[in-house]
> 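There's a structure below that I have some questions on.
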Amino acid sequence: QVQLVESGGGLVQAGGSLRLSCAASGRSFSSYNMGWFRQAPGEEREFVAGISWSGGNTYYPDSVKGRFTISRDNAKNTVYLQMNSLKPEDTDVYYCAVGSTISTIRLREAYKFWGQGTQVTVSS
């Protein structure tokens with residue numbers, strides 16, 4: 001069992017930056033691949049970033065590549081999402097998740113545990 005708590009969301013102007021954090025409980029954090037997803041009301045949850053258990057491999061969709069950076073600190077049981085050059089269309093609730101394999105890291109159905117989400121709002 002892993003519990004995840006996201007933080008760092010808020011209101012920012014377009015072009016600004018935010019850093020989200022996801023703190024995990026559980027002794028096996030460093031063995032899990034991790035992902036960030038986002039979801040707007042009435043929309044499907046969308047893959048934003050993924051990172052392998054070691055941190056050596058990262059994955060992004062084209063929509064955020066070059067603007068978002070995922071990282072992790074296994075000593076602190078925390079994964080981060082640095083978001084730069086934010087756009088109004090990045091406005092969503094952002095969730096972290098754990099438990100996928102590398103081959104399924106982009107698929108929301110592959111994740112076993114989810115956080116409660118943190119709201120990110122980007123004003124134009």
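Computed from a predicted structure; not experimentally measured. Side-chain atoms are counted along with the backbone in the values below, which use heavy atoms only and exclude waters and symmetry mates.
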> Can you name the side chain to side chain contact (heavy atoms under 4.5 Å, CB included) partners of Glu89, sequence neighbours left out?
Lys87
> Hydrophobic clusters here meaning ILVMFWY residues chained together by side-chain heavy-atom distances under 4.5 Å, can you tell me if Met83 and Val93 are in one?
no
> How long is the span from the CE atom in Met34 to the CG atom in Asn74, to the nearest 0.5 Å?
9.5 Å
> When rounded to the nearest 0.5 angstrom, what distance separates OH in Tyr32 from OG in Ser52?
15.5 Å
> Treating Glu6 as the side-chain partner and Thr118 as the backbone partner, does any N or O pair qualify as donor plus acceptor under 3.5 Å?
no
> Report whether Val64 and Ile105 are members of the same hydrophobic cluster (ILVMFWY, side-chain heavy atoms less than 4.5 Å apart, transitive linking).
no
> Please list all pairs meeting disulfide bond (SG atoms under 2.5 Å apart) that have one or both residues in residues 41-80, counting only residues at least two apart or in different chains.
none
> Which other residues belong to the hydrophobic cluster containing Leu11, where Ile, Leu, Val, Met, Phe, Trp and Tyr are joined when side-chain heavy atoms lie under 4.5 Å apart, directly or via other members?
none
> Output every pair passing disulfide bond (SG atoms under 2.5 Å apart) with a member in residues 44-85, not counting sequence neighbours, ordered by first then second residue.
none
> Which residues pass the side chain to side chain donor-acceptor pair (under 3.5 Å) test with Asp90, not counting sequence neighbours?
Arg38, Arg67
> For Ser85 and Ser17, which heavy atoms make the closest approach, and how far apart are they?
N-OG, 4.4 Å
> Quick one: does any side-chain atom of Arg72 pair with a main-chain N or O of Asn33 as donor and acceptor, under 3.5 Å?
no
> Is there a side-chain contact (heavy atoms from CB on, under 4.5 Å) between Gln82 and Leu18 once you walk through the steps?
CA-CA 6 Å; Gln82 178 67 43; Leu18 282 175; over 6 Å; no
> Membership question, hydrophobic clusters at under 4.5 Å side-chain separation (ILVMFWY): are Trp36 and Phe47 in the same one?
no
> Atom CG of Asp92 and atom OG1 of Thr121: how far apart are they, to the nearest 0.5 Å?
9.0 Å
> Applying salt bridge (Lys or Arg N to Asp or Glu O under 4.0 Å) as the test, list every pair that has at least one member in residues 99-113; sequence neighbours left out.
Glu44-Arg108
> Please walk me through it: do Ile51 and Val79 pass side-chain contact (heavy atoms from CB on, under 4.5 Å)?
CA-CA 9 Å; Ile51 189 166; Val79 64; 4.1 Å; yes
> Does CD belonging to Gln116 count more than 12 external heavy atoms closer than 6.0 Å?
yes
> Can you give the donor-acceptor pairs under 3.5 Å from side chains of residues 54-61 to other protein atoms, not counting sequence neighbours?
residue: Ser54; atom: OG; partner: Gly56; partner atom: N; Å: 3.1
residue: Tyr60; atom: OH; partner: Ile70; partner atom: N; Å: 2.8

> Residues in salt bridge (Lys or Arg N to Asp or Glu O under 4.0 Å) with Lys76, at least two apart?
none
> Can you tell me how far apart OG (Ser123) and CD (Gln13) are? Round to the nearest 0.5 Å.
5.0 Å
> Quick one: pull up OG1 in Thr78 and CG in Asp73 and give me the separation to the nearest 0.5 Å.
6.5 Å
> If you link ILVMFWY side chains whenever their heavy atoms are less than 4.5 Å apart, which other residues fall into the same cluster as Val5? By chain and number, please.
none
> If you take all heavy atoms of Leu4 and Ala24, which pair is closest and at what distance?
CD2-CB, 3.5 Å
> Between Asn77 and Ser25 (side chain of the first, backbone of the second, donor and acceptor by atom type, cut-off under 3.5 Å), is there such a pair?
no
> Take Val48 and Leu81 through the side-chain contact (heavy atoms from CB on, under 4.5 Å) test and state the conclusion after the steps.
CA-CA 9 Å; Val48 172; Leu81 185 67; 4.0 Å; yes
> Tell me the ring pair (Phe, Tyr, Trp, His ring centres under 6.0 Å) pairs involving residues 73-113, sequence neighbours left out?
Phe37-Tyr111, Tyr111-Trp114
> Just to verify, what does Thr104 make a side chain to side chain contact (heavy atoms under 4.5 Å, CB included) with, not counting sequence neighbours?
Ser100, Thr101, Leu107, Ala110
> What disulfide bond (SG atoms under 2.5 Å apart) pairs are there with at least one residue in residues 25-90, not counting sequence neighbours?
none
